[in-house]
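Here the structure comes first, spelled out in structure tokens, and everything after it is commentary.
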Amino acid sequence: MSETKKRILITGGAGFIGSHLAEGLLQRGEEVFVIDDLSTGNIKNIAHLKKNKNFHFAKGTVLDRGKVSNLVKKADQIYHLAAAVGVKTIMEKPLKSLLNNLKGAETVFEVAAYRKVPVLFTSTSEVYGKNTDIPFREDSDRVYGSAYNTRWGYGMSKGVDEFLALAYFKERKLPVVIVRLFNVIGPRQSGAYGMVVPRFIRQALQRKPLTVYGNGYQTRCFANVSDVTPALIKLINSPKAYGQIFNLGSDEEITIKELAQKVRMITGSQSKISFIPYAKAYGPGFEEMMQRKPDLSKIRKAIGYEPKITLEESLKEIIDYEKK
Ligand code: UDP
């Protein structure tokens, strides 16, 4: 519980991560304001919070400058999470995704800068693009492919948002911290936008084939949302973090094929594993990152971050949730 109640704005607070963050902040006794256009967020994610007198929800988009401005006026801190989510979304709706990511962040940073309200901006491990120098450090190169390949627009747009955040920090003294999230998982995550873990779990529980894209040798590191949200709260409350970029997630690496096998084993499902070519999953010319792993030394040093929940524990938790 904090000494004086803070008023906190979460853009995208009806999304998977935003709703867990809202829960964590309410538990600390803070007052939480959420703005979400419910495009990929879901009112069900926050239904259980609506009874709390410290929780307020406004349906709206971060492109609505007037609405954002009114909310920012009331806020002591802002978490800017509202953005296009998932590879599938960017592949299917590139224009909306790009405009949301670029204009949304610009609106929030600009309005926040007038009053120097601290902002935490959630970026993504996609910004590293197809860099193969593993693990990714915050100062690693960002390597993107051709402009004809829609996927890179997502990482590039979030990458431009990072430049904007740093420029607002430097020239307008906006206290802003940038967090690059690596594959966060947990209850309430939707499988509708690509996310592999909820997809495999639902497929296994419904006895449908587990759809591994490509040969399944690509790797990812999956972090539990319950490890991630306390770290976000610590970072925004650490003035030393302002003007800095942090990787956040897990560094326990697994291939997608092994992930599929693990899900099959833990659910006891008889589902087959079927391998789907990327072109079929995402369209021709799709490019994959074969390995994605963060170097977490910077965040470990800054806030003593240590992910506690193993992948196996996370999978069991999500399987239990999905069964209900
Ligand atoms: N993936 C898969 N089957 C699916 C969905 C995703 O094999 O049904 C793969 C995807 O190609 C990627 C990994 O799982 O290699 C993680 O995908 P996700 O969309 O969850 O996140 P990404 O790390 O690609 O942003």
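Computed from a predicted structure; not experimentally measured. Each ligand, and each atom within it, is numbered from 1 in the order the structure gives. For the numbers below, each heavy atom of this structure counts, side chains included, while hydrogens, waters and symmetry mates do not.
- Given atom 7 (O) of ligand 1, the protein heavy atom at minimum distance is Tyr213 N, 2.8 Å.
- Residue-ligand proximity, Asn183 to ligand 1, at heavy-atom distances under 4.0 Å covers atoms 21 (O), 22 (P), 23 (O).
- Note: no N/O pair closer than 3.5 Å links Val87 and ligand 1 by distance alone.
- Note on Glu92 versus Lys88: salt bridge recorded, some NZ/NE/NH1/NH2 to OD/OE distance being below 4.0 Å.
- Put simply, the side chain of Val184 reaches to within 4.5 Å of the side chain of Phe16, judged on heavy atoms.
- In this structure, Tyr278 is part of the shell of residues with a heavy atom less than 4.0 angstrom from ligand 1.
- Of the protein's non-hydrogen atoms, the one nearest atom 18 (P) of ligand 1 is Val196 N, 3.9 Å.
- Between Arg220 and Ile256 there is a side-chain heavy-atom pair separated by less than 4.5 Å.
- Numbered from 1 in the order shown, with element, the atoms of ligand 1 that lie under 4.0 Å from a heavy atom of Val212 read 7 (O).
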Exercise. Let me see the working for Arg172 and Glu110 under salt bridge (Lys or Arg N to Asp or Glu O under 4.0 Å), right down to the final yes or no.
Key: CA-CA 9 Å; Arg172 304 270 177 88; Glu110 190 202 347; 5.8 Å; no
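- Considering backbone and side-chain atoms together, Arg220 places an N or O closer than 3.5 Å to an N or O of ligand 1.
- Among all heavy-atom pairs drawn from Phe182 and Phe136, the shortest one is CE2-CD1, 4.0 Å.
- Applying the 4.0 Å criterion to heavy atoms of Arg199 picks out, from ligand 1, the atoms 4 (C), 5 (C), 8 (O).
- At least one N or O atom of Gln218, backbone or side chain, sits closer than 3.5 Å to an N or O atom of ligand 1.
- For ligand 1, the atoms closer than 4.0 angstrom to any heavy atom of Glu288 are 10 (C), 11 (O), 12 (C), 15 (O).
- Within 6.0 Å of CD in Gln270 there are 12 or fewer heavy atoms belonging to other residues, nucleotides or ligands.
- The closest approach between any non-hydrogen atom of Arg292 and ligand 1 is below 4.0 Å.
- Ligand 1 is approached by Glu126 to a heavy-atom distance shorter than 4.0 Å.
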Practice problem: Given salt bridge (Lys or Arg N to Asp or Glu O under 4.0 Å), test Glu253 with Arg292 step by step and report yes or no. | Solution: CA-CA 8 Å; Glu253 200 176 2; Arg292 182 189 278 166; over 6 Å; no
Practice problem: Starting from the C-alpha separation in whole Å, work towards a yes-or-no answer on side chain to side chain contact (heavy atoms under 4.5 Å, CB included) for Leu181 and Thr124. | Solution: CA-CA 5 Å; Leu181 296 174; Thr124 165; 5.8 Å; no
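- Nearest protein neighbour of atom 3 (N) of ligand 1, counting heavy atoms only, is Thr211 O, 2.6 Å.
- Using a 4.0 Å cut-off between a side-chain N of Lys or Arg and a carboxylate O of Asp or Glu, Arg151 and Glu126 qualify as a salt bridge.
- A salt bridge links Arg202 to Glu322: one of the charged nitrogens lies within less than 4.0 Å of a carboxylate oxygen.
- By the 4.0 Å heavy-atom criterion, Arg151 is counted among the residues contacting ligand 1.
- With ligand atoms numbered from 1 in the order given, ligand 1 contributes 5 (C), 6 (C), 19 (O) to contacts under 4.0 Å with heavy atoms of Gly194.
- Counting protein heavy atoms only, atom 13 (C) of ligand 1 is closest to Ile256 CD1, 3.6 Å.
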